[in-house]
Colleague: 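First the structure, then my questions, so here it is.
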Amino acid sequence: MLHNTAQASPALNVVALVSVGAHPSSGRARRAEQDARAVELGLRLAGEQLEVLHAGDPQQPALRSYLGMGLQQLHVIEQPAQADVISALHDYLQDSDAQLILTGSQAETGEGSGMLPFLLAEQLGWPMVVGLTEVEHIGNGIAQVLQALPRGQRRRLKVRLPFIASLDNAAPAARQSAFGPARRGELLSHAAEANPDALLSESPLQPARPRPKRLKIITAKTGAERMKAATAKASGGGGQIIKGDSPEAGAEAIFKLLVDEGVLR
Amino acid sequence: MSEIIRRDPHAEWIARNRLHPLHATLQKSPERWMSAAGVVRKNPHAVGFIGPEGIKRIDRSGAQSASAGKRSAAPAAVQLPLHRVEQPAFHICVVPDMVGGRLSSHDKDLLGLARSLAGNNGAVLAIIFAEHKEQAFDTAGVDRLMHFTDDSLAGYSPELRVLALSAVEAQLKPRHWLLPDSRNGGGELGRRLAAKLSERPATRVWQVADGQCIGRAGAGREDSQRALPRLILAAAECASPVSETRHECLAMATPENLAHGLPRIEDCGAVAVDPALIPMAEAEFILSGGNGVSDWTQFHQAAEILGATEGASRVAVDDGFMPRNRQVGATGTWVTARVYLAVGISGAVQHLQGIGACDKVVAVNKDANCDMVKRADLSVIGDSAAILGALIARINAHRHGGIRDAA
């Protein structure tokens, strides 16, 4: 299936946007989880032709772990830390002949608002697909893709090329990064105008504070009510009970509830 | 409270029978009276009532004293005070997710946050797009409700919905836009709207106070604190839901000049996913079996026809009918299903804890007095094999009937 999709679209120009991630417990720089999935999907779709793009510091050693996934080169638009990279990316991508831009849905460092693909799509005037998991078919300038929904569900969409897609953790897992290719790959840097982010510089990020736990607030007026709230068993509050009827009547009631809830397909 | 007086023949019989041990308690002797000398006299034995275990109880709250003589129907639900906003000075727009057509707890938290931002002069406007089954918009804190009934907006149509929301923005200029930062569509719609309106949103906001908001940044290791922007994508439990007031929930007309752009994304519908591959913790629909299931082949067949993920109680797992990773409850998986169909499970405390987050629980059981039936929204009392068989037949009839209709 995956080999079919890769062969069906040999001339597809795919660009994967990657960022530098942070290890969840140590905070050490690494490849970002979702961006690595974007590179993985890009490699499956375009193979060697995949272009991987990063905006930031070209000296960052963590970028090499993307090269270790089997890339020859990685393009880096030089940007200082905490700059707004959208205009630089927009200028670069408008000049390229990209048809599909893949990216993770949220950065692991910095603000991580997840706005980047949406802003790029708005500026380029391209459609945007959220939660891409698989490109099933591309033809006549239209791609048929699968979108991940919560609770493990999938939705099929048809979207016009060129488009931007963000990937989340439902996308296929990224392949391992190998040391040799990571050393051999090239980091090609491109100069671009820097655009400082005013908001982030005036209110810098702080270490995360633990969120307060929500307390069960009991607004009882009398002692008896407080006693009842403290001792009463939690209950659904009087559901409908069908008793002494035929099994068909019970099944009909269950069926009606399942249809009302929309879980029956 | 209903004032219908209900006769209690048993109590009347006790009142007639002077040898009954409870006879004295039913004799209405006054608790206090004025004596001939003008002194208030009290009879301490007349205070209180005999509890269910035959022990005298005194309830000082005053709740029980009125019900000593007569029995009334259960008290009706208390009407909360109505909060009115006649001429709203500004609007706070909320676009709830409406998962399954109802307000989720995330939506209710968001409405609580909107309510606190609106104060006394502002109105909370909830904007919904599809058909809904929600009955309690008024107690959730919705002052105005805008319902787009257009068919093109009902399904997955983020681009058209953003156009509709932009029309609302042009018409009302709301002070704040609030959307849930969830995977159920709110996070996506909010970001699309932010890009369209060129507003920089605050995302994953978990606290709003004094014109400042705090949201998680990066991978959750950092916080970003900033002045409250116009567009807020709030995390779950960002504020407490409205609980003490009732609101008008007046219908508001949708903007007339809706721009109908050609959608560039076409929705081809949901794809069938093998329910066995969905992790049980996030499955939407679970069919769970316990000790009362006699025919496990039929149970698996029912799960396949229903398209449900299979679960089991501890007894069924211990007896070897289901694998350990399918166990639901405190010692197994804590599930979050929207619909949980429990067949032959009596509802141990550990099991009920595990299904605490479930929305609708359906119980099929022989025992009408078990704890699962008390928890369930719909209970069918009877033999599980017969009911499952009837359910399979009903769904098959529905499916084949549907195919006939389509042909």
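Each chain gets a letter, A, B and so on, in the order its sequence line appears, and its residues count up from 1.
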Colleague: Before accepting this row, confirm whether a basic side-chain N of the pair Glu159(B)/Lys196(B) lies closer than 4.0 Å to the acidic partner's carboxylate O.
Modeller: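 The answer is no: the pair does not qualify as a salt bridge.
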
Colleague: Between Gln106(A) and chain B, which part of the residue has a heavy atom less than 4.5 Å away: side chain, backbone, both or neither?
Modeller: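 For Gln106(A), side-chain heavy atoms alone lie under 4.5 Å from chain B.
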
Colleague: Heavy atoms only, distances under 4.5 angstrom: which of Asp245(A), Leu119(A), Leu199(A), Val145(A) has the most pairs with chain B? Name it, please.
Modeller: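 The option with the most such pairs is Leu199(A).
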
Colleague: State whether Arg394(B) and Glu248(A) are salt-bridged, where the test is any N-O pair (Lys NZ or Arg NE/NH1/NH2 against Asp/Glu carboxylate O) under 4.0 Å.
Modeller: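 Glu248(A) and Arg394(B): not salt-bridged.
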
Colleague: Counting only non-hydrogen atoms closer than 4.5 Å, does Val273(B) touch chain A with its backbone (N, CA, C, O), its side chain (CB onward), both, or neither?
Modeller: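 When you check distances to chain A, only side chain atoms of Val273(B) fall under 4.5 Å.
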
Colleague: Looking at side-chain heavy atoms only, is the closest gap between Ser166(A) and Met128(A) below 4.5 Å?
Modeller: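 They are in side-chain contact.
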
Colleague: Could you look at Leu352(B) and say if it's the side chain, the backbone, both or neither that has a heavy atom under 4.5 Å from chain A?
Modeller: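 Answer is neither: Leu352(B) stays 4.5 Å or more from chain A.
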
Colleague: Among Leu378(B), Ile387(B), Ile305(B), Leu341(B), which residue has the highest count of heavy-atom pairs closer than 4.5 Å to chain A?
Modeller: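 Result: the option with the highest number of such pairs is Leu378(B).
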
Colleague: Will you find, in the side chains of Gln34(A) and Ser105(A), an N or O donor that is under 3.5 Å from an N or O acceptor?
Modeller: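 The criterion, which ignores hydrogens and geometry beyond distance, is satisfied for Ser105(A) and Gln34(A).
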
Colleague: Tell me which of these, Leu146(A), Thr109(A), Leu257(A), Ile254(A), has more heavy-atom pairs under 4.5 Å with chain B than the rest.
Modeller: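 If we count pairs closer than 4.5 Å to chain B, Ile254(A) comes out on top.
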
Colleague: Under 4.0 Å between a Lys/Arg side-chain N and an Asp/Glu carboxylate O for Glu134(A) and Arg154(A)?
Modeller: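 So Glu134(A) does not pair with Arg154(A) through a salt bridge.
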
Colleague: What I want to find out is whether Glu237(B) reaches Arg211(A) closely enough, with some N-O distance under 4.0 Å, to be called a salt bridge.
Modeller: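 Salt bridge: no.
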
Colleague: So for Ala239(B), is it side chain, backbone, both, or neither that comes closer than 4.5 Å to the heavy atoms of chain A?
Modeller: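 Contact with chain A is through the backbone of Ala239(B) alone.
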
Colleague: Counting only heavy atoms closer than 4.5 Å, note whether Pro279(B) contacts chain A via side chain, backbone, both or neither.
Modeller: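 Neither part, no heavy atoms under 4.5 Å.
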
Colleague: Between CG of Asp260(A) and CZ of Phe255(A), what distance do you get to the nearest 0.5 Å?
Modeller: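 It comes to 10.0 Å.
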
Colleague: Let me know if Ala337(B) has heavy atoms under 4.5 Å from chain A in its side chain, its backbone, both or neither.
Modeller: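 Only the backbone of Ala337(B) comes within 4.5 Å of chain A.
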
Colleague: With no hydrogens and no angle check, just 3.5 Å: does a side-chain donor-acceptor pair link Asp97(B) and Ser104(B)?
Modeller: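 No, Ser104(B) and Asp97(B) have no side-chain donor paired with an acceptor closer than 3.5 Å.
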
Colleague: Among Gln144(A), Glu202(A), Gln123(A), Arg160(A), who wins on heavy-atom pairs under 4.5 Å with chain B?
Modeller: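 Between Gln144(A), Glu202(A), Gln123(A), Arg160(A), the count favours Arg160(A).
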
Colleague: Quick check on Thr336(B) against chain A: is it the side chain, the backbone, both or neither that has a heavy atom closer than 4.5 Å?
Modeller: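 Both backbone and side chain of Thr336(B) come within 4.5 Å of chain A.
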
Colleague: Pick one of side chain, backbone, both or neither for Ala283(B), based on which atoms fall under 4.5 Å of a heavy atom in chain A.
Modeller: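 Contact with chain A is through the backbone of Ala283(B) alone.
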
Colleague: How about Thr203(B) and Asp181(B): does a side-chain donor come under 3.5 Å of a side-chain acceptor?
Modeller: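 Thr203(B) vs Asp181(B): no donor-acceptor pair found between side chains.
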
Colleague: Below 4.5 Å, heavy atoms only, C-beta onward: do Leu200(A) and Leu205(A) meet side chain to side chain?
Modeller: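 SC-SC contact between Leu200(A) and Leu205(A) confirmed.
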
Colleague: Name the member of Gly250(A), Pro127(A), Ala251(A) that forms the most heavy-atom pairs with chain B at distances under 4.5 Å.
Modeller: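 Looking at each of Gly250(A), Pro127(A), Ala251(A) in turn, Pro127(A) comes out on top.
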
Colleague: Tell me, out of Gln207(B), Lys133(B), Glu244(B), who's got the most heavy-atom pairs with chain A below 4.5 Å.
Modeller: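 It is Lys133(B).
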
Colleague: Picking from Ala121(A), Ala148(A), Pro207(A), Pro212(A), which has the most non-hydrogen pairs under 4.5 angstrom with chain B?
Modeller: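 Among Ala121(A), Ala148(A), Pro207(A), Pro212(A), the one with the most close pairs to chain B is Pro207(A).
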
Colleague: Measure distances from Ile265(B) to the heavy atoms of chain A and classify the residue's part below 4.5 Å as side chain, backbone, both or neither.
Modeller: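 The answer is both parts of Ile265(B).
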
Colleague: Taking Arg200(B) first and then Glu111(A), would you say they form a salt bridge - that is, a charged N and a carboxylate O separated by under 4.0 Å?
Modeller: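 Glu111(A) and Arg200(B): salt-bridged.
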
Colleague: Using heavy-atom distances under 4.5 Å, tell me whether Arg204(B) contacts chain A through its side chain, its backbone, both, or neither.
Modeller: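 For Arg204(B), the contact with chain A is made by the side chain alone.
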
Colleague: Which bit of Ala107(A) comes within less than 4.5 Å of chain B, counting heavy atoms only: side chain, backbone, both or neither?
Modeller: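 Only the backbone of Ala107(A) comes within 4.5 Å of chain B.
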
Colleague: Hey, which of Gly262(A), Ala22(A), Gly27(A) has the most heavy atom pairs under 4.5 Å with chain B?
Modeller: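 Counting heavy-atom pairs under 4.5 Å, the top option is Gly27(A).
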
Colleague: If I measure from the heavy atoms of chain A, does Cys238(B) come under 4.5 Å with its side chain, its backbone, both, or neither?
Modeller: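 The backbone, not the side chain.
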
Colleague: Find out whether Arg183(B) and Arg151(A) are in side-chain contact, i.e. whether some heavy atom of one side chain is under 4.5 Å from a heavy atom of the other.
Modeller: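 No. Closest side-chain heavy atoms not under 4.5 Å.
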
Colleague: Side chain, backbone, both or neither: which part of Val364(B) has a non-hydrogen atom closer than 4.5 Å to chain A?
Modeller: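 Only the side chain of Val364(B) comes within 4.5 Å of chain A.
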
Colleague: Chain A: which of Leu306(B), Ile392(B), Ile381(B) shares the most heavy-atom pairs with it under 4.5 Å?
Modeller: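 Greatest number of close heavy-atom pairs with chain A: Ile381(B).
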
Colleague: Do Glu188(B) and Arg192(B) meet the salt-bridge criterion of a basic N to acidic O distance under 4.0 Å?
Modeller: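 Yes.
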
